[in-house]
Amino acid sequence: MADKSAKSNSHEGATAGEISALEEAFRKFAVHGDTRATGKEMHGKNWSKLCKDCHIIDGKNVTTTDVDIVFSKIKGKSVRTITFEQFKEALQELSKKRFKGKSDEEALQEMYKLIEGKGPGLTGVTKTVASPTVSRLTDTSKFTGSHKERFDASGKGKGRAGREDLVDNSGYVSGYKHAGTYDHKVQGNKD
């Protein structure tokens with residue numbers, strides 16, 4: 001029982017050394033898609049993604065427009081990001097709309113439960129398609145003509161040697177199969 005109450009208030013009583021589950025989720029979404037992000041501030045794009053991925057947006061009580069309006073209201077006028085404290089204010093504002101029948105504190109706790117432990121999902125990301133057409137077009141063993149010359153027997157590309165006609169300066173006629181055997185033949189005849 002004591003463990004359960006400690007978990008529900010994990011977002012409030014975190015010391016400086018430990019990070020609450022809510023703040024951890026905030027940081028994951030804050031750095032998503034931005035290599036320069038520190039995780040201390042969140043852009044509007046990532047705020048919207050958090051609200052969609054954590055099902056804060058339900059389409060009835062809270063819409064994408066509501067999420068954007070709350071973000072604009074909470075952030076400063078000349079700033080494009082929100083901090084963790086502003087993030088909690090925004091959640092408090094949205095929780096009143098999302099959970100209308102509950103008290104403000106219960107609604108806020110429900111909102112925290114939706115977010116805690118979550119991270120950005122990769123929904124809608126383009127996946128590679130393994131169709132027979134694509135595999136047939138990329139199978140180097142079926143290549144013919146000059147294209148066949150660009151790959152070795154294992155299907156690995158030859159690089160520059162496969163794209164350009166490199167001049168053979170060995171002194172032998174091109175296509176001669178016994179190149180480099182002259183010394184061996186001469187040595188063999190002397191014995």
Side-chain angles (χ1 to χ4, degrees), residues 1-139 157:
M1 178 78 179
D3 186 28
K4 190 174 183 180
S5 66
K7 185 180 180 191
S8 67
N9 291 331
S10 66
H11 62 276
E12 292 173 3
T15 61
E18 65 183 48
I19 299 172
S20 68
L22 183 69
E23 191 171 357
E24 183 63 32
F26 171 83
R27 287 186 178 185
K28 284 179 184 176
F29 277 98
V31 298
H32 180 72
D34 188 4
T35 55
R36 297 176 312 211
T38 61
K40 294 182 180 7
E41 295 179 331
M42 182 182 287
H43 286 276
K45 170 182 67 85
N46 290 359
W47 163 250
S48 293
K49 180 162 181 58
L50 179 139
C51 291
K52 285 177 191 157
D53 288 359
C54 296
H55 305 290
I56 293 171
I57 297 173
D58 61 355
K60 297 175 188 167
N61 298 328
V62 178
T63 63
T64 54
T65 307
D66 296 326
V67 168
D68 292 337
I69 289 170
V70 167
F71 183 82
S72 296
K73 198 185 299 183
I74 297 294
K75 74 175 183 66
K77 287 195 183 273
S78 62
V79 187
R80 300 176 80 183
T81 57
I82 58 172
T83 62
F84 181 65
E85 293 305 316
Q86 291 171 320
F87 170 72
K88 289 202 291 191
E89 288 176 43
L91 289 179
Q92 191 167 8
E93 185 119 0
L94 280 177
S95 67
K96 294 172 191 170
K97 281 190 93 165
R98 176 75 157 83
F99 302 103
K100 287 183 179 174
K102 299 188 178 188
S103 70
D104 288 352
E105 186 58 33
E106 285 178 335
L108 190 60
Q109 289 301 321
E110 289 293 321
M111 188 69 84
Y112 288 159
K113 285 179 187 172
L114 286 175
I115 297 171
E116 287 177 345
K118 299 263 176 74
L122 298 177
T123 56
V125 176
T126 306
K127 295 182 175 79
T128 57
V129 178
S131 71
T133 307
V134 173
S135 62
R136 188 174 66 243
L137 292 171
T138 57
D139 185 5

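A search for side-chain contact (heavy atoms from CB on, under 4.5 Å) contacts involving Glu110 returns Phe99, Lys102, Lys113, not counting sequence neighbours. For Thr35, there are no side-chain contact (heavy atoms from CB on, under 4.5 Å) partners at least two apart in sequence or on another chain. The side-chain contact (heavy atoms from CB on, under 4.5 Å) check on Ser78 picks up nothing, with sequence neighbours excluded. Lys96 meets the side-chain contact (heavy atoms from CB on, under 4.5 Å) test with Asp104; sequence neighbours excluded. Legend: residues meeting side chain to side chain donor-acceptor pair (under 3.5 Å) with Thr63, ordered by chain and number and at least two apart, are Asp66. For Phe29, there are no ring-ring contact (aromatic ring centres under 6.0 Å, His included) partners two or more places apart in sequence or in a different chain.
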Which atom pairs, one a donor and one an acceptor, fall under 3.5 Å between side chains of residues 67-75 and the rest of the protein, sequence neighbours left out?
from	atom 1	to	atom 2	distance (Å)
Asp68	OD1	Ser48	OG	3.2
Ser72	OG	Asp68	O	3.1
Lys73	NZ	Glu93	OE2	3.0
Lys75	NZ	Val79	O	3.1

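Of the candidates Ile57, Val62, Asn61, Leu108, Leu94 forms a side-chain contact (heavy atoms from CB on, under 4.5 Å) with just one, namely Val62.
Taken to the nearest 0.5 Å, the CE atom of Met111 stands 7.5 Å off from the SG atom of Cys51.
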**OP:** Could you walk me through whether Thr81 and Met42 pass side chain to side chain contact (heavy atoms under 4.5 Å, CB included), step by step?
**Re:** CA-CA 5 Å; Thr81 57; Met42 182 182 287; 5.9 Å; no
Original post:
Going through the checks in order, is the side chain to side chain contact (heavy atoms under 4.5 Å, CB included) test met by Lys88 and Tyr112?
Top reply: CA-CA 9 Å; Lys88 289 202 291 191; Tyr112 288 159; 3.7 Å; yes
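Ring geometry for Phe87 versus Phe26: interplanar angle of 30 to 60°, hence tilted.
Under the 4.5 Å side-chain criterion, counting only non-hydrogen atoms from C-beta, Lys28 is not in contact with Leu50.
The environment of NZ in Lys97 is sparse: at most 12 heavy-atom neighbours from other residues, nucleotides or ligands sit within 6.0 Å.
A donor-acceptor contact shorter than 3.5 Å links the side chain of Asn46 to the backbone of His32.
Annotation: salt bridge (Lys or Arg N to Asp or Glu O under 4.0 Å) contacts involving residues 35-47, sequence neighbours excluded, are absent.
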